[in-house]
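Reading through the structure tokens given below for one structure.
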Amino acid sequence: MEKTYTLSDTLNREQKEAVLHTEGPLLILAGAGTGKTRVLTNRIAWLIEQGVSPRHILAITFTNKAADEMRERVGRLVGAGSDQIWVSTFHSSCARILRRYADRIGYQNNFSIYDTDDSKSVIKEIIKKWNLDTKVYKDRTFLAKISSFKNHLVDTEDCMELAGSDVDEIMTARVYKEYEAQLKKSNAMDFDDLLLNTVRLFQTDAQVLEQYQERFRYIHIDEYQDTNKVQFVFVRLLAAKYHNLCVVGDDDQSIYRFRGADISNILDFEKYFPEAKTIRLEQNYRSTSNILDAANAVIANNRARKKKHLWTDQGTGEKIACYSAQTAYDEAEHIIEDIRKKMRTEGRKYSDFAILYRTNAQSRIFEEKCIGANIPYQLIGGVNFYARKEIKDMLAYLKTINNGMDDIAARRIINVPKRGIGQASIDKIAQHAFENDITFFDAAVRADQIVGLQRAAARIASFTEPFFKWRSCLDYLKLSEIFDDILETTGYRAELEAEQTEEAAERLQNLEELRNKIVSYEESAETPTLNGFLQEVALVAEIDSLESHSDYVVLMTLHGAKGLEFPVVYISGMEEGVFPGMLAIYSGDEGEIEEERRLCYVGITRAREELMLSWSRLRMVRGEQMYQKTSRFLEEIPKELFQPGAFEHQEKKRISFEDNSYTDAKASFASNAFAGMKKASAFTKAPLDYTTGDRVSHMKFGPGTVTAIQDGGRDYEVTVDFDRFGVKHMFAGFAKLKKQE
DNA sequence: TACTGGATTATTTTT
DNA sequence: TAATCCAGTA
């Protein structure tokens, strides 16, 4: 008992309340940095302390990394037994359940897990097979729609019904149906299927459901604001028996609407569980008040949210820095320079810094600058390790060994490395497989019986034959040994070695790294299997690779930063069209802008002590230079929170492409930005209807006289002497000057 | 069958 | 800009 006391002593009143409320549904509204992880870990520890078996506790986290951390922290609190708790992500949990029971819903338990690339390949095949016009029907669109259907528990039948008589919708429904058929035939599930099929399993098999309800009597869901419909149903089913469901979330940090996250899950929690208790955590232990005030000011502009008051007693701290750059290059340089300066003057470590940006495409410049400045950095996101060609190739071999029905995997590697099997042959095999309703691999095995393939048969056999050997070796050879044999037997390694290029060397190195991962899996798993390895690999997130104990500057997207914190945070690209992104602006949907604003809130609240916001006037967007206005989010932060002088300096540098008024109506702001962007990107120098000496008028600055016009390449740079505001330089495309008659 | 080069087109964010 | 696609050639 006394152990529990010390444990609760480190908690504030609300936190303690949340820890002690163990029976019945509980909603913890935990603002950024209010110690929700501490509450969760202490709560789990308390449960165990109360005699609840660790076996009966389930905790769903957002990433594998968060799961590991939580398990470790609970372990430190309670000692032995913590390894019995299920702590994992939604996807891993479902995969684990399905590995046992997928056969009850018509799959084999060794099913493959398709990543987005694989799914895309399936869609592409369908589009090709049906000769659809690729101008009209995009794989991306189908994929997004199918994913959305699955997240909303809409099956192919429902989908067809919903489509009504709309031609495009009917086509989508047909593609969806075919896609499902393909995956089923390949004994494969995509990411969404993991959840959907678990729900189906629970709904069709009362015995299995009951078993897991009994097992998970105490359920915890972290980042609840980012759950979608299927996840909600999954949770509801599991909790239906004991009702001991504790969810933690912050509606202001919901940033995954695009993948189906349904904010009403958290907003309406009390509706679904009328007996629910709600506890709000509002004391922030992370940031200084300047940072917190900025975050609060930004998020206050959102309408769809629960009002809350986050506060801190960490002191006011440093004011917020900002930097207005000419180019993205300049911006990166300044940030890197700032890091170096702080390393010298404040005695910081590299790992104190995080550079955040809206899109992965922005990362490259920072990478370059870090290399140039000799700063060790860790890039999170971008090209996933497991998405690299050589990795996917080798995994496809492993998948084909594991699940011969996996057509996507088999097709991927039938001619990799080159075996002289061309598209024509591959199509014939696929055709034969289709006609005889067998798998692609099996069709390849009997290539010698397929009309027109006799000549290629030997080459195809050289592909299929080794698989029989590998499959029979599975029981007595180690995974890593089979891996080595694949590299040798297929000549994959030899082919790369022969290339003698830097790129090939890098690929070889990546393969070595993959081998290391196999070895470490073999060492850590209690019963290592090929199946298990493939599952683990399919569900790792980029963020899982973040090494929090080593000394690196971290580069990542704002999304990636969720749940993390850093002493010093840089948020770059604070420009309309970048952040908020142009899709959000174009959509005209205020909800989209609000999502971006939440993302901004998440970004700001990552900072503990120092925050710098930066933007660039000029930015290269898909090969085109674009001039953009500063982000509206910047305007939403009270000026007095910024470092004194920071803005005067900006004003000068910013000249006046289009003024950003702090007082002006926000509404016109958005439409201006839109107009400006469109001009900057879409047009090439419309002829001007005024010349030097003409009287013109500007929307904001009023009347003035044109004193100079300079051809700036893409646009004219116009100098105007305004009657009331003095001389300003501006680009004609932005200024929208009207000639006065 | 494999490779080259020109054309085309795409852009959030991630399990 | 960068990745992907397609047509024509070896």
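Naming convention: chains lettered A, B, ... in sequence-line order (proteins, then strands); numbering from 1 in each chain.
Phosphate proximity of B:dT14 to A:T557: present, with a side-chain N or O under 4.0 Å from OP1 or OP2. The shortest distance between the side-chain N/O atoms of A:N151 and the OP1/OP2 oxygens of B:dT15 is not below 4.0 Å.
Ring geometry for A:F62 against A:Y256 counts as tilted: the plane angle lies between 30° and 60°, on a 0 to 90° scale. By the 30° and 60° cut-offs, the orientation of the rings of A:Y212 relative to A:F202 is tilted.
Here the P atom of nucleotide B:dT15 and the OH atom of A:Y386 are 13 Å apart, to the nearest Å. Atom CZ in A:F90 sits roughly 15 Å away from atom C1' in B:dT14 (whole-Å rounding). If you measure from atom CG of A:L599 to atom C1' of B:dT14, you get 13 Å, rounded to the nearest angstrom. Between A:R257 atom CZ and B:dT14 atom C1' the separation is 16 Å, expressed in whole Å. Going from atom CD1 of A:I365 over to atom P of C:dT1 covers 12 Å, rounded to whole Å. The CG-C1' distance, from A:L194 to B:dT14, rounds to 14 Å in whole Å. For the pair A:D226 CG and B:dT15 C1', the interatomic distance rounds to 12 Å; values are reported in whole Å. We find that CG of A:L143 is positioned 16 Å from P of B:dT14, with the value rounded to whole Å.
Nearer to the 5' terminus of DNA chain B, by closest-nucleotide assignment, is the contact made by A:R459 (compared with the other of A:R459 and A:G623). Each of A:E592 and A:F191 was matched to the nucleotide of DNA chain B holding its nearest heavy atom; the match closer to the 5' end belongs to A:E592.
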With the criterion being N/O to N/O and under 3.5 Å, what pairs connect the protein with nucleotides 2-9 of chain B, and how long is each?
from: B:dA2; atom 1: OP2; to: A:N415; atom 2: ND2; distance (Å): 3.4
from: B:dT9; atom 1: OP1; to: A:K135; atom 2: NZ; distance (Å): 2.9

Scan nucleotides 2-8 of chain C against the protein and return all N/O pairs shorter than 3.5 Å with their distances rounded to 0.1 Å.
from: C:dA2; atom 1: OP1; to: A:R364; atom 2: NH1; distance (Å): 2.1
from: C:dA2; atom 1: OP1; to: A:R364; atom 2: NH2; distance (Å): 3.3
from: C:dC5; atom 1: OP1; to: A:K124; atom 2: NZ; distance (Å): 3.3

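What you find for A:R606 and A:A32 is that their closest heavy atoms are NH2-CB, 3.9 Å.
Within 4.0 Å (heavy atoms only), A:Y256 reaches sugar-phosphate atoms of the nucleic acid but no base atom. Residue-level contact check: A:T116 touches the bases, meaning some heavy atom is under 4.0 Å from a base atom. Within 4.0 Å of A:N384, counting heavy atoms only, lies no atom of the nucleic acid at all. Within the 4.0 angstrom heavy-atom criterion, only backbone atoms of the sugar-phosphate kind lie near A:A424; the bases stay farther away.
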Margin query: Pair A:K150, A:E180 - check salt bridge (charged side-chain N to carboxylate O under 4.0 Å, His left out), show working.
Written below: CA-CA 11 Å; A:K150 290 188 175 185; A:E180 286 293 271; 2.8 Å; yes
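Atom CD of A:E513 is separated from atom CZ of A:R388 by 8.0 Å, given to the nearest 0.5 angstrom. To the nearest 0.5 angstrom, A:M394 atom CE is 7.5 Å from A:Y492 atom OH.
Looking at A:K392 and A:D118, a side-chain N of the basic residue comes within less than 4.0 Å of a carboxylate O on the acidic one, giving a salt bridge. The pair A:E536-A:K517 does not count as a salt bridge, with every side-chain nitrogen at least 4.0 angstrom from each carboxylate oxygen.
Remark: A:S363 pairs with A:Y357, A:L379 by the side chain to side chain contact (heavy atoms under 4.5 Å, CB included) rule, at least two apart or across chains.
Between A:F463 and A:N415 the shortest side-chain heavy-atom distance does not fall below 4.5 Å.
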